2 protein chains.
Amino acid sequence: MLLSEGHKHLAEVGFARFSAREVAKRIGYSIGTLYNVFGTYDRFLVALNTRTFQLWAKELRAELDACGGDRIRCLVESYFRFARANRNVWLAIYDHHLPADFVMPEEQDWLRGELTHIVVREVAAALPEAVKPQAPTLARSLLASVHGHCVFDIAGSFALMGQREPVEMALARVRDTLTMAARDGEESRAQ
Amino acid sequence: MLLSEGHKHLAEVGFARFSAREVAKRIGYSIGTLYNVFGTYDRFLVALNTRTFQLWAKELRAELDACGGDRIRCLVESYFRFARANRNVWLAIYDHHLPADFVMPEEQDWLRGELTHIVVREVAAALPEAVKPQAPTLARSLLASVHGHCVFDIAGSFALMGQREPVEMALARVRDTLTMAARDGEESRAQ
DNA sequence: GCGGATTTATAGACGGCGTTCAATTGTTTA
DNA sequence: TAAACAATTGAACGCCGTCTATAAATCCGC
């Protein structure tokens, strides 16, 4: 209840205007109760962001299942679609910086890994046999590239720079790298 | 004075713990004075972030001037170096989301363009003649890719994923794209 | 069924925040 | 010097996250 209403509130007002007090008030709880449950504002936000990761992974799996041939395009488009459709909760994941001494509950680690693992699997499938071992590293790197495009898109930086079609740009960068990796694979086979 | 001390305070405590009140107190100003000058917290932060952009562009130019042969590597390394050396003020640029109705003073627009323009020039220099017109679009896309790697690096996501050498990874992605672009150039010449 | 123990919930208090504004101080001009 | 103007102030407001003493609810052995 605290989680679902909190997630709704976060989606409505965004990270900067989010308030744990307001969430408690909305569902008729006292502020003290919320703090008894989560202990601290940071931990509450971590729990909400974990919820976002769960939602994200679920949608990604669904879209991959419903995907036709081009699974790499599907991945990239899904990344942008989720961020755009869930702007505030998506941004909150990256706006919320944990204190250096914060120990993350395993829960979130595992779920972030879930998303990454999906991408690793798809990247591996797109690579020729000779370079498949590079898939984990390559997948994380491509994730970062797509993320960068998505951040600029959401923040409006691309619009300011007169750039359009950020999804296609991100996809093109991914294809560049996959093509180059495939070429490496051929060379190592030719030797 | 408000700007320099504010920038220092932001660098010390980071975006989340930053407070305009504290800045005013530190230099012996009243809180009211700060608000007469900047009008609002958002505008104060925009001014501080503009300062960060200025510093960033200055360092980038200096490092390019002192750069040996590999100017693309120099760009990527400089991006990471600035973000790492100025973690809090760099993060503040991306953590501070403006209200939708906010009209950005031209100042910051111009300075952001400054950084981009440097990158565009260097990317153009790295491209064969046939594809040089793509330089502006390509440069912004590569900026996004490097930014994505840098965000994950600063946030510690790469470390969590067991990934090392984010700078080299980002550089590799840039080279992938530049190589592919060069190949496109050759093909269009061959036709 | 009951009374003590233990968990859970409450709301008031605290200091700090961004923001506003009437009052004050300082500066220029006539 | 006196009046007009500009700059500065800090108390007041309603928020915030956090803590804590108190009250309510739940459980459990008898």
Side-chain angles (χ1 to χ4, degrees), chain A residues 1-52 88-89 91-105 108, chain B residues 1-52 88-89 91-105 108:
Chain A
M1 194 63 185
L2 281 169
L3 277 179
S4 65
E5 197 65 28
H7 208 250
K8 194 192 294 182
H9 180 50
L10 182 58
E12 282 172 13
V13 305
F15 180 75
R17 302 195 197 287
F18 179 80
S19 126
R21 269 186 127 98
E22 178 67 21
V23 175
K25 195 196 296 178
R26 282 204 186 188
I27 60 180
Y29 272 25
S30 144
I31 173 63
T33 304
L34 194 148
Y35 270 79
N36 284 341
V37 175
F38 291 101
T40 187
Y41 186 65
D42 280 333
R43 272 205 283 273
F44 186 33
L45 270 173
V46 165
L48 292 175
N49 283 341
T50 295
R51 209 184 155 85
T52 304
N88 282 337
V89 293
L91 277 173
I93 290 177
Y94 303 101
D95 284 347
H96 182 224
H97 304 300
L98 296 167
D101 56 351
F102 192 92
V103 280
M104 177 76 69
Q108 174 141 347
Chain B
M1 194 64 186
L2 280 169
L3 278 179
S4 65
E5 197 65 27
H7 208 249
K8 195 192 294 182
H9 181 49
L10 182 59
E12 283 173 12
V13 304
F15 180 76
R17 301 197 198 286
F18 178 80
S19 127
R21 269 186 127 100
E22 179 66 22
V23 175
K25 194 195 297 178
R26 283 201 186 191
I27 59 181
Y29 272 24
S30 144
I31 173 64
T33 304
L34 193 150
Y35 269 78
N36 284 340
V37 175
F38 292 100
T40 186
Y41 186 67
D42 279 333
R43 272 205 282 273
F44 185 33
L45 269 174
V46 165
L48 292 175
N49 283 342
T50 296
R51 209 184 154 85
T52 304
N88 282 336
V89 293
L91 277 173
I93 290 176
Y94 302 100
D95 284 346
H96 182 224
H97 303 301
L98 296 167
D101 57 350
F102 191 93
V103 280
M104 177 76 68
Q108 174 141 348

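This is a predicted model, so every value here is computed, not measured. A, B, ... follow the sequence lines: proteins, then strands. Residue 1 opens every chain.
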Can you name the side-chain hydrogen bond (donor to acceptor under 3.5 Å, both in side chains) partners of [X], sequence neighbours left out?
| X | value |
| --- | --- |
| D42(B) | H96(B) |
| D95(A) | H97(B) |
| S19(A) | none |
| R26(B) | H9(B), E12(B) |

Check your understanding: How many Å lie between CZ on F15(B) and P on dC17(C), as a whole number?
Key -> 15 Å

**Study point:** For atom NZ of K25(B) and atom P of dG18(C), their distance in whole Å
**Key:**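 In whole Å, dG18(C) P lies 11 Å from K25(B) NZ.
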
For residues 1-8 of chain A, which side-chain donor-acceptor pairs fall under 3.5 Å, sequence neighbours excluded?
residue: S4(A); atom: OG; partner: M1(A); partner atom: O; Å: 3.2
residue: H7(A); atom: NE2; partner: T52(A); partner atom: OG1; Å: 2.8

Practice item. Extract, from 5' to 3' on DNA chain D, the first and final nucleotides lying under 4.0 angstrom from some heavy atom of chain A. Key: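 With heavy atoms of chain A under 4.0 Å away, the range is dC16(D) to dT18(D).
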
Point to revise | Results of side-chain contact (heavy atoms from CB on, under 4.5 Å) for A92(B) - residues two or more places apart only | key: L10(B), F15(B), N49(B)

Review point. Going by the side chain to side chain donor-acceptor pair (under 3.5 Å) test, which pairs reach into residues 27-41 of chain A, not counting sequence neighbours?
Key: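 Every pair satisfying side chain to side chain donor-acceptor pair (under 3.5 Å) with a residue in residues 27-41 of chain A: there are none.
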
Practice item. List the protein contact pattern of nucleotides 8-14 of chain C with one symbol per nucleotide (5' to 3'): B for base contact, S for sugar-phosphate-only contact, - for none; contact means a heavy-atom distance under 4.0 Å. Key: -BBB-B-

Review point. What residues in residues 38-50 of chain A put a non-hydrogen atom under 4.0 Å from any atom of DNA chain C?
Key: none

**Study point:** Point-to-point distance, once rounded to the nearest 0.5 Å, from CZ of F18(A) to CG of L48(A)
**Key:** 5.0 Å

